[in-house]
Amino acid sequence: MKVYAISLGCPKNRTDTEKLLARLKERGAEPVLSPEEADLLLVNTCAFIRPAVRESIETILELAEQKRPGQKLAITGCLVARYGEEVARRFPEADLVCGIEAFRQPGIFEQDKTRLWLKPEGPDGVSRILTESPFYAYLKLTEGCSHGCSFCTIPRIRGPLRSRSEREILREALELVSQGVREIILVGQDISSYGKDRGRAHLPLLLRNLLRELPDGVRLRLFYLHPRGLTPELLEVLGSEPRLAPYVDLPLQHAHPEILRRMGRFYRPERVLELLEELRRLRPEIGLRTTVMVGFPGEGEEEFRTLLEFLKQARFDHLGVFVFYPEEGTPAAGFKPRVPWTEARRRRHRVLALQQEISRENLRRRVGGEDLVLVTGYDDRGRPVGHAGFQAPEVDGRTIIRKGLPVSPGEMVRVRFTRSFTYDLWAEALEGEEALCESGDFGRKEV
């Protein structure tokens with residue numbers, strides 16, 4: 001069986017898709033790069049917010065239209081977990097409909113009849129077929145979430161927080177390294193809660209154990225942390241472990257106390273500013289990212305100005321902005337007063353304009369400084385490109401290496417930044433792999 005797979009949405013979804021492809025390959029399947037040569041068309045859907053639902057539906061319809069006699073169409077993931085049997089009814093072209101973590105029961109793909117399967121069953125997966133880059137990969141620490149934010153569909157779709165065992169995480173990390181991965185991005189809805197469902201949150205201990213077991217030439221990056229999870233123990237690890245990328249993704253959503261209360265986000269903006277200051281003291285080169293939401297019910301001009309003023313003080317390096325959607329099944333869907341859609345869109349543009357200015361100024365200050373860049377490929381002019389420690393792949397800007405020592409994809413090189421733009425940087429390569437190993441920054445050892 002030849003399988004053509006599309007993975008939509010977040011990095012957590014992608015890890016599920018890559019595990020499923022590996023499990024199917026173990027059963028004799030072969031991943032292919034085009035739908036024309038496939039026996040099975042597979043789409044792993046996202047349904048976090050309305051635009052994601054729309055994208056999932058459009059992708060399914062496109063594949064259904066291309067489907068030829070003899071091909072099977074499988075729909076998996078969050079769309080099914082959220083809407084259940086409605087997905088099977090709406091898409092009669094589908095031969096299989098199943099929920100999240102389909103890799104736990106790959107045998108269902110050998111069924112001849114449509115089967116609705118919502119709850120994950122079977123063993124965890126560690127083998128992966130990487131679909132984005134051979135040099136970096138995401139590794140899921142947790143599934144689900146127990147925070148209960150009033151606007152969020154994740155607990156309903158993916159269930160409460162469930163932490164993976166440290167043993168399984170280490171096995172998967174070593175498997176990724178054996179495939180040539182140089183940067184592992186630890187991901188979950190809130191990885192700072194890792195272990196909390198088992199009695200005690202202990203992400204710092206997990207990080208130290210991973211760093212002890214993994215080769216020195218591997219960098220770890222953290223996605224995503226809750227402000228209340230930045231404990232003194234975690235801050236100490238972030239400040240003392242050079243193989244942890246100097247990077248924190250801290251989704252905040254807002255900065256006005258009343259809006260935060262209505263969102264179910266229980267932290268003080270003043271405390272967040274203190275945490276950001278502490279992070280910058282511990283790792284001066286750190287890159288800080290957040291996500292905010294505009295147009296939440298009750299957000300007037302005063303509340304929005306509070307958000308803007310907070311962002312001016314926080315000066316995040318990277319920022320994403322969502323417009324509020326009243327997602328069915330969430331408490332916030334019934335909140336009043338609603339912000340008009342056109343006004344919410346206008347506020348989003350104002351936040352992006354502010355962040356563009358902040359990003360440009362922050363990058364300008366990095367010119368003349370140095371960092372380690374993982375080279376991941378070439379740009380359209382044939383120049384090596386990659387991401388520094390303060391840049392996450394896919395979501396942030398990139399570093400373009402325009403001069404210096406010759407480098408190749410897969411290398412971790414020290415660079416000096418020579419010019420900045422709004423989101424990207426130019427740099428010159430100073431040291432290659434051998435120099436880095438000798439310096440002790442990223443030495444090697446066998447897996």
Side-chain angles (χ1 to χ4, degrees), residues 11-12 14-16 18-19 22 123-128 130 132-143 161-226 229-250 279 282-283 286-287 372 374 387-390 392-393 410 412 436-437 440-447:
K12 300 184 292 294
R14 183 184 303 164
T15 66
D16 291 351
E18 291 175 348
K19 288 181 181 181
D124 200 348
V126 295
S127 297
R128 304 262 294 275
L130 300 180
E132 183 64 30
S133 169
F135 309 122
Y136 66 85
Y138 298 92
L139 195 164
K140 188 164 60 173
L141 302 186
T142 64
E143 182 56 271
L161 173 71
R162 303 183 301 284
S163 301
R164 299 179 64 197
S165 74
E166 183 177 311
R167 180 170 175 266
E168 289 297 317
I169 291 170
L170 177 58
R171 283 180 56 205
E172 185 172 337
L174 291 172
E175 170 76 15
L176 292 172
V177 171
S178 72
Q179 296 183 50
V181 168
R182 299 298 308 277
E183 177 173 302
I184 297 175
I185 306 170
L186 305 176
V187 67
Q189 199 65 26
D190 168 24
I191 63 171
S192 58
S193 291
Y194 175 78
K196 196 172 182 179
D197 55 312
R198 299 181 176 217
R200 181 173 65 92
H202 57 275
L203 178 63
L205 178 61
L206 173 68
L207 294 176
R208 290 198 186 282
N209 290 341
L210 281 174
L211 290 168
R212 183 179 63 250
E213 297 295 332
L214 292 175
D216 292 338
V218 176
R219 180 163 71 186
L220 299 182
R221 187 181 299 273
L222 308 182
F223 271 22
Y224 308 88
L225 300 169
H226 193 282
L230 282 175
T231 61
E233 294 80 10
L234 182 53
L235 290 172
E236 194 277 329
V237 175
L238 285 168
S240 63
E241 292 287 355
R243 287 194 291 142
L244 278 180
Y247 187 90
V248 168
D249 191 318
L250 198 67
L279 286 165
L282 292 169
R283 302 287 293 272
I286 199 166
L372 292 172
L374 174 59
H387 56 275
F390 57 84
M412 190 85 71
L436 286 174
C437 294
D441 287 335
F442 274 78
R444 290 178 178 271
K445 65 183 179 183
E446 294 301 317
V447 177

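- Taking CG of Leu220 as the start and CG of Leu139 as the end, the distance is 9.0 Å to the nearest 0.5 Å.
- The two atoms that bring Arg283 and Leu238 nearest to each other are NH1-O, 2.7 Å, heavy atoms only.
- Taking each heavy atom of Ser165 and Tyr194 in turn, the nearest pair found is C-OH, 3.8 Å.
- To the nearest 0.5 Å, atom CZ of residue Arg212 and atom CG of residue Leu170 are 9.0 Å apart.
- The shortest non-hydrogen separation linking Thr142 to Ser163 is CG2-OG, 3.9 Å.
- Using cut-offs of 30° and 60° on the angle between ring planes, the pair Phe223 and Tyr138 is tilted.
- Nearest approach of Ser127 to Ala22, heavy atoms of both residues: O-CB, 3.5 Å.
- The cationic atom of Arg182 (NZ for Lys, CZ for Arg) does not lie both less than 6.0 Å from the six-membered ring centre of Phe135 and within 45° of the ring axis.
- Salt-bridge annotation for Lys12 and Glu143: absent, with no side-chain N of the basic residue lying under 4.0 Å from a carboxylate O of the acidic one.
- Residues Val177 and Ile184 meet the side-chain proximity criterion, which asks for heavy atoms closer than 4.5 Å.
- Separation of atoms CZ (Arg221) and CG (Leu186) is listed at 10.5 Å; rounding is to 0.5 Å.
- Sequence neighbours left out, the pairs with a member in residues 229-241 that pass salt bridge (Lys or Arg N to Asp or Glu O under 4.0 Å) are Arg208-Glu236, Arg208-Glu241.
- The closest donor-acceptor contact from the side chain of Arg14 to the backbone of Leu130 lies at 3.5 Å or more, if one exists at all.
- The shortest heavy-atom contact between Tyr136 and Val181 is CA-CG1, 4.0 Å.
- Considering only heavy atoms from C-beta on, Ile191 comes within 4.5 Å of Leu222 through its side chain.
- In this structure, the side chains of Leu203 and Leu225 come closer than 4.5 Å at one or more pairs of heavy atoms.
- Legend: residues meeting side chain to side chain contact (heavy atoms under 4.5 Å, CB included) with Ser193, ordered by chain and number and at least two apart, are His147, Leu161, Asp190, Lys196.
- Between Pro246 and Leu279, the closest side-chain pair of non-hydrogen atoms is not below 4.5 Å.
- Rounded to the nearest 0.5 angstrom, Leu250 CG and His226 NE2 are separated by 8.5 Å.
- Here the side chains of Glu132 and Pro393 are not in contact, with every heavy-atom distance at 4.5 Å or above.
- A salt bridge does not link Glu172 with Lys140: none of the charged nitrogens is closer than 4.0 Å to a carboxylate oxygen.
- Rounded to the nearest 0.5 angstrom, Asn209 CG and Glu166 CD are separated by 4.5 Å.
- Within the 4.5 Å cutoff, the side chain of Leu230 has no heavy atoms near those of the Ser192 side chain.
- A donor-acceptor contact shorter than 3.5 Å links the side chain of Arg243 to the backbone of Leu211.
- Scanning both residues, Pro204 and Val237, for their nearest heavy atoms gives CB-CG2, 3.8 Å.
- Residue Ile185 holds its CD1 atom at 11.5 Å from OG1 of Thr15, rounded to the nearest 0.5 Å.
- Between Asp124 and Arg164 there is a salt bridge, since a side-chain N of the basic residue sits under 4.0 Å from a carboxylate O of the acidic one.
- Contact annotation: the side chain of Arg200 approaches that of Leu205 to within less than 4.5 Å [non-hydrogen atoms, C-beta and beyond].
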